[in-house]
Amino acid sequence: MKDEKLIEEAKKARDLAYAPYSKFKVGAALLTKDGKVYKGANVENSSYGLSMCAERVALFCAVSSGEKDFSKIAIVADSEQPITPCGACRQTLLEFNGNLEIICATTKGKIKKYRLKELLPEPFKLNR
Ligand code: THU
C-alpha cells in the first residue's frame, strides 16, 4: 500500500479521536505485511494519565486480532510539524519490528519518514 493511502486511513482514524482535554487529536494506521490496516485514535480520560495514544490503540487492536507482522505505521496530527510517536509507543511497536517504517504527517500534508530503530536506538530488552 502506498504511503499516501495509509496517511488517508490515519486521517480517518483521527476524526474519531476522543481528546476533550488536550484538544490534540491523533490518528494512526498500522499496515500488516499482508496488507491489512488497523486504525487507532487517542482516547483521553478525565484522569489524564489514563489516556492512550493513537499508535498503541492501533497496535493493540491489531495484535489482539491475531496480527504480529507489521510493515508501516502512519501517524497524523494537526500540528505545525509532523509528530513522532512517544517513547512508550516506540517501545511497544519495537517489540514487533525494529525496522517498521514510521510515516509522520500533518493534516496539511507535511510528511517525515523514519525507521523505528532510528527513533529508539537502545530499546529495553528483557535478558535473563
Ligand atoms: N498522543 C498520541 O496519541 N500520539 C502521540 O504520538 C503523541 C501524543 C496523544 C496523547 C494525548 O491524548 C494527546 O496526544 C496530547 O498529548
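First listed ligand is number 1; within each ligand, the first listed atom is number 1.
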Does E9 use its side chain to pair, donor to acceptor, with the backbone of A29 at less than 3.5 Å? no
May I ask you to test the K108-D78 pair for a side-chain heavy-atom distance under 4.5 Å? yes
Would you say S51 has any N or O atom under 3.5 Å from an N or O of ligand 1, going by distance alone? no
Going from CE on M1 to OG on S71, what distance comes out if it is rounded to the nearest 0.5 angstrom? 9.0 Å
M52 contact mode with ligand 1 (heavy-atom cut-off under 4.0 Å): neither
Do I75 and P85 come close enough that some side-chain heavy atom pair is under 4.5 Å? yes
Atoms in ligand 1 with a heavy atom of I83 nearer than 4.0 Å: 5 (C), 6 (O)
With atoms numbered from 1 as shown, which atoms in ligand 1 lie under 4.0 angstrom from a non-hydrogen atom of E55? 2 (C), 3 (O), 4 (N), 5 (C), 6 (O)
Nearest non-hydrogen protein atom to atom 11 (C) of ligand 1, with distance, is E44 OE2, 3.3 Å
Backbone of T32 reached by a side-chain donor or acceptor of E67 within 3.5 Å: no
Distance from L119 atom CG to Q91 atom CD, nearest 0.5 Å? 13.0 Å
Residue C86 vicinity, atoms of ligand 1 by number, heavy atom under 4.0 Å: 6 (O)
Closest non-hydrogen protein atom to atom 16 (O) of ligand 1, residue and atom name please, with distance? F24 CD2, 4.8 Å
Distance (rounded to the nearest 0.5 Å) between K72 NZ and I103 CD1: 5.0 Å
The protein heavy atom nearest to atom 8 (C) of ligand 1 is C53 SG, 4.2 Å
Between S22 and ligand 1, which residue portion shows a heavy-atom distance shorter than 4.0 Å: side chain, backbone, both, or neither? side chain
So which protein heavy atom does atom 9 (C) of ligand 1 come closest to, and at what separation? N42 ND2, 3.5 Å
Using a strict 4.0 Å cut-off to heavy atoms of P85, name the atoms of ligand 1 that fall inside it. 6 (O)
Using a plain distance cutoff, I'd like to know if A54 has any nitrogen or oxygen under 3.5 Å from a nitrogen or oxygen of ligand 1. yes
How long is the gap from SG on C61 to NZ on K39, to the nearest 0.5 Å? 10.5 Å
Protein non-hydrogen atom below 4.0 angstrom of atom 14 (O) of ligand 1 present: yes
Separation between CG (N45) and CE (M52), nearest 0.5 Å, reads 11.0 Å
Any idea which part of T84 is under 4.0 Å from ligand 1, heavy-atom wise: side chain, backbone, both or neither? backbone
